[in-house]
Amino acid sequence: MSSGKPYSIKIFLPGGDPDGIRTVEKSNWSGSGIMFPRPLLADARQRKELSRTGVYVLLGPPEESGLPRIYVGEGDPILPRLDQHARSKDFWTTCIAFSSKDENLNKAHVQYLEARLINLAANAKRCHLDNGNVPQLPTLSEADAADAAGFLLEAMLCFPVLGVSVFSVAKAEEGPEVPLFLRGRGRRAEALRLSRGSSSAPGAWPQSQRCPRSTPYLKEIRASLRANGVLQPEGEQLRFTQNYVFTSPSTAAGVLMGRTANGRTEWRTKAGATLKSIQGGE
């Protein structure tokens, strides 16, 4: 998510360790965030950020599909909920929590934030949601709804800075001017290269649903994309329903073509120039 305007975010390391506890503050915002690895929960317990009412995200490492697993929750206050998850949830390795320095978030506000974040993650389809269901938005007054929506907007600008992109749909306009193509078996798939890898465009056609030459890793990614609705069957073929960011051009090519592929040589411009040549590799 981009605000389109410059803004500053202050990340503070109270322990002096870049892999330890980090606090997050944004200019002109009463919100306050904290990010810490699971082994430091005991240290984070002492932080005032977790003693307040707020919303939190538990993050796990990428699974075989290449997608991380997350859980979104709310707490009034946050800490007892994290203690519960430390006993009951094994997947998470990192926690990010947001609360208000002014302590002006109430239970209804954070229920709103929880519901919106779960909905955003479900629509973006860039993670495995550990939440069983998407909760309904609570009933809020017009003023309270505006306050909660404003808090969410500011928090959404902080997540990418912390390396979390699961709440935003990949945008095609992030790519360069020249699209790249895959060709094979009469099908052509278009992709736009992004700063984080490659993205297939809506309407791209992967090879048929049965891919005997595909590896278990690529099959797992395909299965995950189908489960999330990013890939949908259409006859004997599959079709992308939205832009999707892959971790590398080779992974994108492999998923689309149904076999192991070198993305730097498979992706080509309409004129036939390879991605490798564009990047100066030949």
- Name all residues meeting the side-chain hydrogen bond (donor to acceptor under 3.5 Å, both in side chains) criterion together with S8; count only those two or more places apart in sequence or in a different chain, and write none if there are none.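 Here the qualifying residues are S27.
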- Item | Non-neighbouring partners of N131 that pass side-chain contact (heavy atoms from CB on, under 4.5 Å), sequence neighbours left out |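 N131 satisfies side-chain contact (heavy atoms from CB on, under 4.5 Å) with Y71, V72, I118, L129 once adjacent residues are dropped.
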- Task: Taking side-chain contact (heavy atoms from CB on, under 4.5 Å) as the test, write out the residues that go with P77, two or more places apart.
- Result: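 Checked P77 against side-chain contact (heavy atoms from CB on, under 4.5 Å); matches are P80.
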- Name the orientation class of the two ring planes belonging to H85 and Y56 (parallel below 30°, tilted from 30 to 60°, perpendicular beyond 60°).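 Taking Y56 first and then H85, their aromatic rings sit tilted (interplane angle of 30° to 60°).
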- Message: According to ring pair (Phe, Tyr, Trp, His ring centres under 6.0 Å), who are the partners of F167, at least two apart in sequence or on a separate chain?
- Response: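 For F167, the residues satisfying ring pair (Phe, Tyr, Trp, His ring centres under 6.0 Å) (neighbours in sequence not counted) are F159.
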- Check for a donor-acceptor pair, side chain of N228 on one end and backbone N or O of V230 on the other, with a separation under 3.5 Å.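 Pair absent, no side-chain N/O of N228 close to backbone of V230.
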- For E114, which residues count as a salt bridge (Lys or Arg N to Asp or Glu O under 4.0 Å) partner, sequence neighbours excluded?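 Applying salt bridge (Lys or Arg N to Asp or Glu O under 4.0 Å) to E114 gives none.
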- Quick one: list whatever passes salt bridge (Lys or Arg N to Asp or Glu O under 4.0 Å) with R69, sequence neighbours left out.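 Here the qualifying residues are E63, D130.
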- Query: With sequence neighbours left out, which residue pairs that include part of residues 133-161 fulfil the salt bridge (charged side-chain N to carboxylate O under 4.0 Å, His left out) condition?
  - Reply: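 Sorted result for residues 133-161: K26-E154.
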- Go through the structure and list residues passing side-chain contact (heavy atoms from CB on, under 4.5 Å) with T139, not counting sequence neighbours.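 For T139, no residue satisfies side-chain contact (heavy atoms from CB on, under 4.5 Å) once neighbours in sequence are set aside.
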- Can you name the ring pair (Phe, Tyr, Trp, His ring centres under 6.0 Å) partners of F151, sequence neighbours left out?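 With neighbours one apart ignored, the set is W29.
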- Could you pull out all residues at least two apart from K125 that satisfy salt bridge (Lys or Arg N to Asp or Glu O under 4.0 Å)?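 Per chain and number, K125 pairs via salt bridge (Lys or Arg N to Asp or Glu O under 4.0 Å) with no residue.
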- Message: Once side-chain contact (heavy atoms from CB on, under 4.5 Å) is applied, do any residues pair with D19, and if so which ones, sequence neighbours excluded?
- Response: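 Applying side-chain contact (heavy atoms from CB on, under 4.5 Å) to D19 gives D17.
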- Message: Among residues at least two apart in sequence or on other chains, which ones pass salt bridge (Lys or Arg N to Asp or Glu O under 4.0 Å) with E25?
- Response: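 Testing E25 for salt bridge (Lys or Arg N to Asp or Glu O under 4.0 Å), a comparison that skips the adjacent residues, returns K101.
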